[in-house]
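All values below were derived from every heavy atom in this structure, side-chain atoms included, with hydrogens, water molecules and symmetry-related copies excluded.
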Amino acid sequence: MVMKLNKTEFIKELENKLYYSEEKCIMINEVLENNFFLSQKNKDKIIKELIIKLNCDEFEATKIYDIAVKIIQDEIKYKLNHPFKSKA
């Protein structure tokens with residue numbers, strides 16, 4: 001993904017924040033990887049894809065999107081403040 005946050009760590013973080021199974025989080029990650037999800041104009045497209053893939057409502061899909069963006073933003077902020085330090 002972005003900076004040093006790899007796919008496995010991102011999926012684990014989604015599991016922890018959303019309390020979803022690994023399989024569901026992998027599907028979420030696939031939708032996000034197929035789109036540039038930090039762009040606001042793609043938000044609606046991603047939310048529609050999440051609704052279809054996960055069979056959830058718009059509120060839940062928006063929550064998933066917002067949490068995913070927050071995970072990435074937090075990782076970027078951490079790397080900017082601690083460029084030579086690992087989060088582990």
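- The CG atom of Leu14 lies 12.0 Å from the CE atom of Met27; values are rounded to the nearest 0.5 Å.
- Within the model, atoms OG1 of Thr62 and CD1 of Ile67 stand 11.0 Å from one another, a figure rounded to the nearest 0.5 Å.
- Under the rule for a side-chain hydrogen bond (donor to acceptor under 3.5 Å, both in side chains), the partners of Lys70 that lie at least two apart in sequence or sit in another chain are Asp74.
- No donor-acceptor distance shorter than 3.5 angstrom exists from the side chain of Asn29 to the backbone of Cys25, with no hydrogens or angles considered.
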* To do: Just do the salt bridge (Lys or Arg N to Asp or Glu O under 4.0 Å) check on Glu15 and Lys12 with the steps written out, would you?
  => CA-CA 5 Å; Glu15 286 180 58; Lys12 287 288 180 203; 3.8 Å; yes
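- Proximity of Glu9 to Glu75: side-chain heavy atoms (C-beta onward) are nowhere separated by under 4.5 Å.
- Remark: Asn55 engages no residue in a side-chain contact (heavy atoms from CB on, under 4.5 Å) (not counting sequence neighbours).
- By the 6.0 Å and 45° rule, Lys24 stacks over the aromatic ring of Tyr20.
- Within the model, atoms CD1 of Ile26 and CD1 of Ile11 stand 5.0 Å from one another, a figure rounded to the nearest 0.5 Å.
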Could you pull out every donor-acceptor pair under 3.5 Å between side chains of residues 42-51 and any protein atom, sequence neighbours left out?
unit_1	atom_1	unit_2	atom_2	d
Asn42	ND2	Phe36	O	3.2
Lys45	NZ	Asn35	OD1	3.1

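- We find the NZ-CG distance between Lys63 and Leu18 to be 6.0 Å, quoted to the nearest 0.5 Å.
- If you take CD1 on Ile64 and SG on Cys56, they are separated by 4.5 Å, rounding to the nearest 0.5 Å.
- From Leu32, atom CG reaches atom CZ of Phe10 across 5.5 Å, with rounding to the nearest 0.5 Å.
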